[in-house]
Asker: 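The structure follows.
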Amino acid sequence: MSTEPALKPRRRWQRIAAIIVAITLTYFAIAYLVIPFGWKRYVSRHLELEDIPRVTYTASGLPADPLNVELIGPENGLKRIMVNAHWYPADALTLRSCLEIAEASVLKRPHDAAPVSDEFLFGRKQDLAIEKPVGDNPRERHHVRFWRAPTADSEGRTVWIGSAIFDKRVGLSRTTGQFTHLTAVDVDVERDYLFRNLEETGGLSSVEVVDDFHKILEGKNGEGVPWRTDGRLFIGVIAPK
């Protein structure tokens, strides 16, 4: 006696059960794996960067230096790690300080706190200007300007966006004819140097590199000096004291 008719309903229910299991597993995979992973990736995109310009500006509104570094943490933590890395605050830009650096450059005397010209972001000049001298030569120096970003990061921490640039010599600005520092073309070298110094202090809890932060990889600063970059932004989180 054939059992084929009796088996057909059983197979039908087996198929239905298999479909239900598949749907259930798909739901759990999407709800508990795919969506949380996607949300984590979305948050980790550093949303605070979305409305930040990619370059600074001169007082007259000309594009200046490209942004290439970001530090996350309180102001006292930023100052502490910079000093530990042997980078120090620059003097305020005044007539007297300009004359002092001009004298130091002509006489080739060291000037550890030489002033840094003002650049603008978010409608204001830099909040912090920090530099590191190169031996006894005032014509060369490492320097970085930082601005407090208007938006905190995803964890509510203060964000400092900055431009690390190397001054390679003193000369006349191509746009104003004024006596000033002229910068190195490859700005990535200074970005990398700054982060090596910071990592050597042990004061960073993490470092991240954001690719394609810059879509435009070359330009000219406010002095008419060319710059180029690989487009990456280096981000460091300052470890709590």
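Values below: every heavy atom of this structure, side chains too, minus hydrogens, waters and symmetry copies. The structure presented is a predicted model; accordingly, all values stated were derived computationally and were not measured. Each residue takes its place number in the sequence, starting with 1.
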Asker: Who pairs with K79 by side-chain hydrogen bond (donor to acceptor under 3.5 Å, both in side chains), at least two apart in sequence or on another chain?
Answerer: E75

Asker: Applying side-chain contact (heavy atoms from CB on, under 4.5 Å), can you list everything that pairs with D65, at least two apart in sequence or on another chain?
Answerer: T56, E119, R145, S163, I165, N221

Asker: After noting the C-alpha distance and the side-chain angles of R148 and V159, does the key distance pass the side-chain contact (heavy atoms from CB on, under 4.5 Å) rule?
Answerer: CA-CA 6 Å; R148 184 194 297 266; V159 173; over 6 Å; no

Asker: Look up atom CH2 in W160 and atom CD in E70, then write down how far apart they are to the nearest 0.5 Å.
Answerer: 12.0 Å

Asker: Restricting to pairs with a member in residues 188-212, which pass ring-ring contact (aromatic ring centres under 6.0 Å, His included), not counting sequence neighbours?
Answerer: H142-Y193, F195-F234

Asker: Flag yes if V69 and L71 sit in one hydrophobic cluster, no otherwise; membership is Ile, Leu, Val, Met, Phe, Trp, Tyr, and two members link when side-chain heavy atoms are under 4.5 Å apart.
Answerer: yes

Asker: What do the steps show when you test D167 against T183 for side chain to side chain donor-acceptor pair (under 3.5 Å), and what is the final call?
Answerer: CA-CA 4 Å; D167 286 334; T183 57; 5.5 Å; no

Asker: Which atoms form the tightest heavy-atom contact between V187 and W227, and what is the distance?
Answerer: CG1-CB, 4.0 Å

Asker: Short question: side chain of S205, backbone of V237 - any donor-acceptor pair under 3.5 Å?
Answerer: yes

Asker: Taking side-chain contact (heavy atoms from CB on, under 4.5 Å) as the test, write out the residues that go with I20, two or more places apart.
Answerer: I16, T24

Asker: Listed by chain and number, what are the side-chain contact (heavy atoms from CB on, under 4.5 Å) partners of D212, not counting sequence neighbours?
Answerer: K215

Asker: L121 and L233: same hydrophobic cluster, using ILVMFWY side-chain contacts below 4.5 Å?
Answerer: yes

Asker: Between R191 and D230, is a salt bridge (charged side-chain N to carboxylate O under 4.0 Å, His left out) present by the stated rule, with each step listed?
Answerer: CA-CA 11 Å; R191 174 200 66 195; D230 60 13; 2.9 Å; yes

Asker: Once side-chain hydrogen bond (donor to acceptor under 3.5 Å, both in side chains) is applied, do any residues pair with E199, and if so which ones, sequence neighbours excluded?
Answerer: none

Asker: Test of understanding: clusters of I, L, V, M, F, W, Y form through side-chain heavy atoms closer than 4.5 Å, transitively. Do V55 and L194 belong to the same one?
Answerer: no

Asker: Please give the remaining members of the hydrophobic cluster of I23, linking ILVMFWY side chains under 4.5 Å, ordered by chain and number.
Answerer: I19

Asker: Is there a side-chain contact between F166 and E140, using heavy atoms and a 4.5 Å cut-off?
Answerer: yes

Asker: Ignoring hydrogens and angles, tell me if any N or O in the side chain of R54 forms a donor-acceptor pair with the backbone of I52 under 3.5 Å.
Answerer: yes

Asker: Nearest 0.5 Å, please: how far is CG in D186 from CD in E218?
Answerer: 12.0 Å

Asker: Consider only side-chain heavy atoms of I, L, V, M, F, W and Y, link residues closer than 4.5 Å, and tell whether V144 and L78 are in one cluster.
Answerer: yes

Asker: Atom CG of residue position L217 - does it have more than 12 heavy atoms of other residues, nucleotides or ligands inside 6.0 Å?
Answerer: yes

Asker: State yes or no: do V210 and L204 share one hydrophobic cluster built from I, L, V, M, F, W and Y residues joined by side-chain heavy-atom distances below 4.5 Å, directly or via other members?
Answerer: no

Asker: Output yes when a side-chain donor or acceptor of W147 lies under 3.5 Å from a complementary backbone atom of G162, and no otherwise.
Answerer: no

Asker: Just to verify, what does S60 make a side-chain contact (heavy atoms from CB on, under 4.5 Å) with, not counting sequence neighbours?
Answerer: T58, L62

Asker: What are the two closest heavy atoms between F120 and K125, and how far apart are they?
Answerer: CD2-N, 3.3 Å

Asker: Could you tabulate the donor-acceptor pairs under 3.5 Å formed by side-chain atoms of residues 80-87, not counting sequence neighbours?
Answerer:
{"residue": "N84", "atom": "ND2", "partner": "R80", "partner atom": "O", "Å": "3.3"}
{"residue": "H86", "atom": "ND1", "partner": "Y88", "partner atom": "OH", "Å": "3.4"}
{"residue": "W87", "atom": "NE1", "partner": "N197", "partner atom": "OD1", "Å": "2.9"}

Asker: What is the distance from atom CD1 of I72 to atom OG of S154, rounded to the nearest 0.5 Å?
Answerer: 8.0 Å

Asker: Stepwise, does the salt bridge (charged side-chain N to carboxylate O under 4.0 Å, His left out) test hold for E131 with R141?
Answerer: CA-CA 7 Å; E131 63 188 7; R141 64 177 173 181; 2.8 Å; yes

Asker: Could I get the full list of side-chain hydrogen bond (donor to acceptor under 3.5 Å, both in side chains) partners for D127, not counting sequence neighbours?
Answerer: R124

Asker: With a cutoff of under 4.5 Å between side-chain heavy atoms, which Ile, Leu, Val, Met, Phe, Trp and Tyr residues group with L25?
Answerer: V21

Asker: Identify, with sequence neighbours excluded, every residue that meets side-chain hydrogen bond (donor to acceptor under 3.5 Å, both in side chains) alongside R157.
Answerer: D153

Asker: Give a yes or no on whether the backbone of N68 and the side-chain of H214 come within a donor-acceptor separation of less than 3.5 Å.
Answerer: no

